[in-house]
Participant: 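Would you mind keeping the following structure in view while I ask a few things?
Because the structure is a prediction, the values reported are computed rather than measured.
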Amino acid sequence: MDDPALDLEGPLRLRDVVAALESLYPLESAADWDRVGLVSGDPDQPVRSILFALDPTLAVIDEAAGWGADLLVTHHPLLLRGVHSVATTSAKGASVTALVRAGVALWVGHTNADVADPGVSTVLADALGLTDQRPLSTEGAQAIGRVGVLAAPTSLAQFADRLAAALPATAGGIRVSGDPAAEVSVVAVMGGSGDDRFDDVRASGADVYVTADLRHHPVLEAREEARGGRPFLVDAGHWATESLWLANGRDRLLAALEHGARATRVEARVSAIRTEPWTFVVGANAAREHRAAPEPGGVS
């Protein structure tokens, strides 16, 4: 039976939850190319349960519907690029149809959550215990990434172990470029894809840079510029580096709703589904004993 207090006040509406989310993660702070905010749902529909997830995959939507969630909040957009059909013959169409059929609204906080404080990179920096934090760079009034200092200097290998302990386990693990015995103290982080920020990392004076989706050519060029030294590079995986934000976003939303003009009870949880696409790795560290680069033979 519903709480009588809720019946007297009326249920919390989707528009109320969206207003709270957008006070924490304003839509105007998102990148121009991004597609954030309310994707599906009736602003007047009641909301009593909210699921947070990194990606609005079919499995996550099934989880939300099975739990009875009224709202799904994800970091990554469902409809980032234009679509011309939402027929169930495509995954996107099946996702939209499943959301509508189950009465699950979808709200997306992507680059607007990246630049928030606390946001995706702040949560990652906090998980590593970084102090004296500052933005890695700024674009207009928006802070991009974070730079901070470890409580005590440590070796690159020990730092990688600390990072692995702070992040959820993944199939791909963590890739590191640099001397395992080198000492590191100043750390730059950016949740998600970050190999377009190497100039900012060098300017920051960071000893090591933690991000994801590091591609061969940008990394090779960055390591050449460093002449094998600092900044060292760590690819910790897209899902892992961003997923820490979900619990923080949930807690901030619940606090905002609790202290709103019409406080009410709403349940929120983080999805139990790992949405990283990889399932296993073969041959990791097979070449670790041969760290020297091969003779150059051209580039692709």
Side-chain angles (χ1 to χ4, degrees), residues 2-3 6-7 9-31 33-114 116 242 245-258 260-273 275:
D2 291 340
D3 188 328
L6 293 183
D7 292 336
E9 295 179 352
L12 192 69
R13 300 292 176 179
L14 178 58
R15 66 173 71 255
D16 303 317
V17 181
V18 168
L21 283 165
E22 294 177 2
S23 71
L24 299 171
Y25 310 107
L27 302 188
E28 59 268 22
S29 66
W33 51 263
D34 208 0
R35 297 294 180 266
V36 297
L38 189 62
V39 178
S40 67
D42 181 348
D44 288 325
Q45 72 185 71
V47 174
R48 291 187 173 89
S49 54
I50 305 169
L51 183 69
F52 277 74
L54 201 69
D55 300 280
T57 63
L58 287 165
V60 167
I61 293 169
D62 285 345
E63 179 189 18
W67 178 47
D70 303 302
L71 172 62
L72 174 61
V73 174
T74 66
H75 181 51
H76 292 140
L78 174 63
L79 303 173
L80 182 59
R81 297 174 180 84
V83 296
H84 304 287
S85 169
V86 290
T88 58
T89 50
S90 71
K92 296 292 185 186
S95 297
V96 172
T97 300
L99 287 166
V100 173
R101 281 179 174 170
V104 179
L106 173 63
W107 187 90
V108 173
H110 190 208
T111 52
N112 49 325
D114 287 335
E242 293 189 327
W245 169 78
L246 298 173
N248 180 268
R250 173 201 61 195
D251 293 346
R252 293 190 72 205
L253 175 61
L254 289 176
L257 293 174
E258 179 65 27
R262 188 177 61 183
T264 188
R265 293 193 307 180
V266 63
E267 184 178 2
R269 65 170 63 167
V270 174
S271 171
I273 296 176
T275 56

Participant: Quick one: OG1 on T111 to CG on D34, what's the gap to the nearest 0.5 Å?
Facilitator: 3.5 Å

Participant: Check side chain to side chain contact (heavy atoms under 4.5 Å, CB included) between D251 and all other residues, then give those that pass, not counting sequence neighbours.
Facilitator: none

Participant: What distance do D42 atom CG and L14 atom CG have between them, rounded to the nearest 0.5 Å?
Facilitator: 7.5 Å

Participant: Could you walk me through whether L99 and L78 pass the side-chain contact (heavy atoms from CB on, under 4.5 Å) check?
Facilitator: CA-CA 11 Å; L99 287 166; L78 174 63; 4.1 Å; yes

Participant: Check the pair R35, L79 against side-chain contact (heavy atoms from CB on, under 4.5 Å), reporting the backbone distance first and the verdict last.
Facilitator: CA-CA 7 Å; R35 297 294 180 266; L79 303 173; 5.9 Å; no

Participant: Within the distance-only criterion (no hydrogens, no angle test), does the side chain of E242 pair as donor or acceptor with the backbone N or O of L54 below 3.5 angstrom?
Facilitator: no

Participant: Not counting sequence neighbours, which residues clear salt bridge (charged side-chain N to carboxylate O under 4.0 Å, His left out) with R269? List them please.
Facilitator: E267

Participant: If you take all heavy atoms of W67 and S49, which pair is closest and at what distance?
Facilitator: CH2-CB, 3.7 Å

Participant: Partners of A116 by side chain to side chain contact (heavy atoms under 4.5 Å, CB included), sequence neighbours excluded?
Facilitator: Y25

Participant: Could you pull out the closest heavy-atom pair between G41 and A105, with the gap in Å?
Facilitator: CA-CB, 3.8 Å

Participant: What's the spacing between H75 NE2 and D114 CG if we round to 0.5 Å?
Facilitator: 4.0 Å

Participant: Quick one, I61 with V104, criterion side-chain contact (heavy atoms from CB on, under 4.5 Å). Give me CA distance, side-chain angles, the key distance, then yes/no.
Facilitator: CA-CA 8 Å; I61 293 169; V104 179; 5.8 Å; no

Participant: Nearest 0.5 Å, please: how far is CG in L80 from NZ in K92?
Facilitator: 8.0 Å

Participant: Is the backbone of A20 close enough, under 3.5 Å, to the side chain of S23 for a donor and an acceptor to pair up by distance?
Facilitator: yes

Participant: To the nearest 0.5 Å, tell me how far D70 CG sits from I50 CD1.
Facilitator: 8.0 Å

Participant: Minimum heavy-atom separation for L21 to V73, with atom names?
Facilitator: CD1-CG2, 4.0 Å

Participant: Could you report the tightest heavy-atom contact between G93 and S90, atom names first, then the distance?
Facilitator: N-OG, 3.0 Å

Participant: Search all heavy atoms of H76 against all heavy atoms of P56 and return the closest pair with its distance.
Facilitator: O-CD, 3.3 Å

Participant: If every non-hydrogen atom of L257 is compared with every non-hydrogen atom of V17, which pair is closest and at what distance?
Facilitator: CD2-CA, 4.2 Å

Participant: So, taking the atom named NE2 in H110 and the one named CG in N112, what distance separates them when rounded to the nearest 0.5 Å?
Facilitator: 9.0 Å

Participant: Angle class for the F52/W245 ring planes (parallel below 30°, perpendicular above 60°, tilted otherwise)?
Facilitator: perpendicular

